[in-house]
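Since the structure comes first, as structure tokens, the remarks are kept for the end.
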Amino acid sequence: MPQKSLFDFSPQPKKPAAPETKKTAEALPPQPTVTQEKKQRKRRVYPPLAPENLPASYFVSATYDGRQRKAVVKLYEPQSGDIYFWYDNTGHKPYCLTNLSLPDLEKMERVVNHQGYNHSEILEVCDPLADKKITVTKIVTDDPLAVGGKPQGSIRDIIPEDYPKDAPMEPKVWEAKIKYYQSYIYDTRYLPGMIYEVKNGSLVPCVFEEAEKTIANLKGLFKDATDEELEYVEEWARLIEYPAPKFRRAAIDIEVYAPLSTRVPDSREAVYPVVCCSLYSSDDEKKVLVLKRPGVHEGNCPMPPDSQIEYYETEEALLRAVFDILWDYPFILTFNGDDFDLRYMVHRASNLGIDRRDIPIDIGRRVCLLRYGIHIDLYKFFFNRAVQIYAFNNRYRDVTLNDVGKGVLGMEKIKNEKTIGELTYTELAAYCLRDSEITYKLTSFEDELAMKLILVLTRISSMPMEDVSRQGVSRWIRNFMHREHRHRHMLIPNSEDILAEKGKTSTTAVIKGKKYQGAIVVEPVPGVHFNVAVMDFPSLYPSIIKVWNLGYQSIRCPHPECKSNLVPNTPHWVCTKERALESLLIGSLRDLRVSWYKNRAKDKSLPQEQQNWYKVAQGALKVILNASYGVFGAESFDLYCPPVAEATAAIGRHSINQILSHAKAVGVQVLYGDTDSVFLKNPTKEQIAEVIHFTEHELKMGIDMEKTYRYAVFSSRKKNYLGVLEDGSVDVKGLTGKKKHIPIFIKDAFNQMKERLAQVKNPADFEKAKKDIADIVRTRYMTLKRREWQDMNQLAFNVVLGDDLAHYTKTTPQHVKAALVLQTSGVEIKAGDLISFVKTIRPPHVKPVELASRNEVDVDKYIAYLHSTFDQVLDALGLSFDEIIGLTKLERFLA
DNA sequence: GCGGACTGCTTACCT
DNA sequence: ACAGGTAAGCAGTCCGCG
């Protein structure tokens with residue numbers, strides 16, 4: 001009950017429409033209030049300055065205003081649903097740091113006479129690589145571009161250029177590549193995504209008592225934590241516990257008339273007219289703006305209820321109406337708007353002579369931002385691998401609107417054979433509106449999960465919402481680490497200095513071309529095993545980073561007395577004197593997830609709304625924690641430190657090996673294991689308790705009984721198994737039958753087998769199941785032999801083209817051959833496209849599905865595929881594909 | 001010149 | 001631009017073969 005008000009922070013309804021009127025909306029005449037209110041909302045003054053006093057609002061973005069030379073914060077006030085701009089009043093300025101002394105710096109004329117130069121001052125900071133205080137010179141400028149960002153003449157470039165080459169010291173510049181608005185956020189300690197009010201012109205944080213109470217109660221859960229750890233646990237919890245608003249938002253999508261259906265119109269040229277734009281919003285606007293064109297009929301394609309079509313006589317009028325929408329809504333959602341919809345409209349509007357100042361879009365190299373609100377390109381967000389896998393559990397495979405919509409919402413695009421020019425107005429409108437509807441619903445399903453996820457990530461990473469939804473997990477992690485460096489007055493080291501100081505790796509990877517050795521995979525015991533217990537370390541690598549104090553500062557630290565604190569099987573040692581920042585930050589995040597949010601997300605006694613919120617939090621933490629080790633081994637990460645990644649993996653191997661030998665010692669058979677898990681055959685309660693006790697005391701890490709399989713099927717292949725849980729659900733891991741490129745014809749057969757196996761309860765059931773499985777295989781085999789499959793699509797392999805066609809110079813894989821055929825017939829092919837092809841008898845042995853016919857299929861190839869797919873399971877069951885097939889031959893012979 | 005052994009490339013998966 | 005480990009199939013190359 002006390003938690004309830006946490007969620008009361010929602011906007012007033014945009015229109016007074018009560019639910020009763022909504023039910024009968026079709027029978028009533030259009031409600032005049034809707035249009036009236038819309039008119040009121042139109043086009044506020046630009047920029048929409050925050051008043052001297054503004055009620056609780058969300059810090060959604062920050063940017064730099066070049067004219068006023070100030071940072072600007074975009075505040076979203078959820079009651080009115082409007083954005084307000086708050087200009088910095090703290091006098092914060094851009095700067096960078098250097099090791100040059102103040103007098104030496106002042107001798108550099110190109111610096112002190114630089115147009116944007118303001119002044120320099122002496123500053124004492126902690127150098128984390130040397131673990132000591134150092135004095136640096138802070139160069140303060142009036143303009144971020146003076147520090148860096150111009151092709152030439154930036155201070156960060158001038159210093160190494162103009163500093164005497166024969167001087168004893170190497171000139172260094174630090175923190176010169178941090179975006180100004182980020183620097184502003186770090187130094188002011190404003191927290192993006194959190195709630196502020198403007199009081200007498202100043203930005204002050206709002207305090208939510210209920211959330212604070214929850215946070216205060218956390219102490220009891222973290223008894224073993226140090227004060228420092230607890231401080232961070234509370235800090236993270238605050239970012240998660242504070243309420244989320246309802247996001248007033250609109251999804252938009254445009255259609256462009258193009259003479260050729262196979263080519264996507266070029267958004268930089270914008271030669272063809274925009275003929276349609278749909279809008280689907282949280283204000284319940286479902287509207288399609290359509291351009292009147294000669295010879296086009298209205299048609300009678302059904303439209304969703306309460307949707308409306310507005311016709312425009314000119315394209316300019318249509319675009320201006322769309323721009324009004326962009327001036328109105330605080331959040332605009334698109335699917336690929338950065339590269340297409342918004343970009344196209346900007347160029348198209350310019351081509352039509354619309355004044356740049358009337359176009360509410362700022363166009364960048366890779367992004368399109370809005371001058372008023374926040375543009376979230378959901379394509380970029382859903383494309384993010386970490387989001388795809390950990391937040392959405394791989395519910396979609398291809399990042400297309402159709403596939404994401406299908407996987408996440410069960411909603412697909414309207415299928416359309418005709419070109420845009422051939423559609424009637426209503427067909428076009430229905431088609432276009434569906435796209436906006438899917439886009440909108442990608443953010444509204446499960447109680448606005450996606451919007452909330454973006455909000456939580458905004459808070460954790462201290463980034464504007466636009467950036468967090470577009471950039472990868474390594475940027476999120478970098479940013480909160482940078483923020484804490486600034487907070488602790490630590491110099492943010494340059495990447496090359498970390499690398500030079502800490503060096504590279506020492507182990508040899510199993511895979512050629514990798515930098516260091518990774519995880520262990522235990523050789524599986526082939527066969528069917530009943531009662532298999534799966535134990536695993538929750539968040540193994542983050543736990544290691546925490547327990548072993550890993551970070552770029554602590555690995556191979558400068559203290560001689562730490563050199564004996566070695567990481568097993570590596571030459572690396574770890575600091576015993578100072579806590580590494582990464583260890584603290586990642587460790588506290590891990591603890592919060594494992595000890596608090598994991599359980600809260602599953603707690604059915606909580607109100608649904610709150611449980612959903614905890615699911616979001618849990619998912620966000622999972623995404624970040626899963627990547628927190630990998631980033632240290634990624635060159636693109638600003639705090640790239642290979643020995644940290646190597647040490648983490650080495651400790652992981654050590655931990656698993658310890659468990660393996662301990663399991664042996666207590667007499668349990670280990671059937672399999674991978675990285676952070678062990679599969680135990682029919683263990684007793686005591687044996688499980690012993691393993692848990694051992695890991696907690698000897699390895700200082702928690703281990704969970706994750707699940708128990710009624711039975712599991714292993715072949716001799718690693719990362720390939722099938723396990724049936726107590727409730728009859730089936731885990732399939734790595735088997736060919738679940739891979740997405742395999743033809744549906746084979747996948748269906750595999751799924752039939754899977755369903756049959758789910759019904760097996762004991763060894764005796766197996767005999768009956770085996771017969772049925774043999775039948776499934778035999779049926780497919782016969783269908784292939786007789787060429788009786790339903791349609792060609794069933795036989796299509798679907799392989800993603802990883803690169804543009806021109807880049808395949810070393811080999812020409814089959815999907816590339818098929819893609820080349822398609823290209824010749826005029827289809828535009830680019831990296832990321834899904835290529836569907838069937839295997840044929842004649843060279844080149846492949847054909848795009850749409851061009852292939854039944855009798856040219858290479859049936860034997862498909863039989864070979866069926867064979868290999870099923871062999872992965874059949875040999876463990878004591879069945880043989882050849883025998884199953886051989887029997888058929890005999891039957892046919894007798895018949 | 002041919003075929004099997006081998007390596008490398010590519011994709012999709014697991015943790 | 002988070003990492004490494006594994007499986008599978010195919011493309012291309014090498015090497016032996018009187």
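Below, chains carry the letters A, B, ... as their sequence lines are ordered, and counting in each starts from 1.
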Which pairs, protein N/O on one side and nucleotides 3-5 of chain C N/O on the other, fall under 3.5 Å?
from	atom 1	to	atom 2	distance (Å)
C:dG4	OP1	A:K515	N	3.3
C:dG4	OP2	A:K514	NZ	3.3
C:dG4	O3'	A:G518	N	2.8
C:dG5	OP1	A:V510	N	3.4
C:dG5	OP1	A:G518	N	2.8
C:dG5	OP2	A:V510	N	3.3
C:dG5	OP2	A:I511	N	3.2

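Rounding to whole angstrom units, CG of residue A:N720 and C1' of B:dA12 are separated by 11 Å. Distance A:H741 NE2 to C:dC10 P: 9 Å, rounded to the nearest Å. Look at CG on A:L834: it is 12 Å from P on B:dT11, rounded to the nearest Å. In this structure, the CD atom of A:Q814 is 17 Å from the P atom of C:dA8, given to the nearest Å. Note: NZ (A:K740) to C1' (C:dG9) measures 17 Å, nearest angstrom. Here C:dC2 presents its C1' atom at 13 Å from CG of A:D638, a figure rounded to the nearest Å. Between the NZ atom of A:K707 and the P atom of B:dT15 there is a distance of 8 Å, given to the nearest Å. Rounding to whole angstrom units, CG of residue A:N626 and C1' of B:dC14 are separated by 12 Å.
Between A:R397 and B:dC13, a side-chain N or O to OP1/OP2 separation shorter than 4.0 Å is present. OP1 or OP2 of C:dG9 has not a single side-chain nitrogen or oxygen of A:K861 nearer than 4.0 Å. A:K738 has a side-chain polar atom (N or O) that falls below the 4.0 Å cut-off from OP1 or OP2 of B:dC14. For the OP1/OP2 pair of C:dA8 and a distance below 4.0 Å, the side-chain nitrogens and oxygens of A:Q872 include at least one atom meeting the criterion.
We find the CH2-CD distance between A:W789 and A:Q794 to be 10.5 Å, quoted to the nearest 0.5 Å.
A donor atom on one side chain and an acceptor atom on the other are found under 3.5 Å apart for A:R483 and A:S462.
Ring planes of A:F797 and A:F837: parallel class, angle under 30° (limits at 30 and 60°).
Of the possible polar contacts, none joining the A:E582 side chain to the A:I545 backbone as a donor-acceptor pair under 3.5 Å is found.
When the nucleotides B:dT15, C:dG12, B:dT11 are ranked by their closest atom to the side chain of A:V799, B:dT11 comes out on top.
Taking the ring axis of A:F745 as reference, the NZ or CZ atom of A:R780 stays within 45° of it and closer than 6.0 Å to the ring centre.
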In B/S/- notation (B base, S sugar-phosphate only, - none; protein heavy atoms under 4.0 Å), nucleotides 3-10 of chain B written 5' to 3' is -----SSS
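Annotation: salt bridge (Lys or Arg N to Asp or Glu O under 4.0 Å) contacts of A:D591 (sequence neighbours excluded): A:K546.
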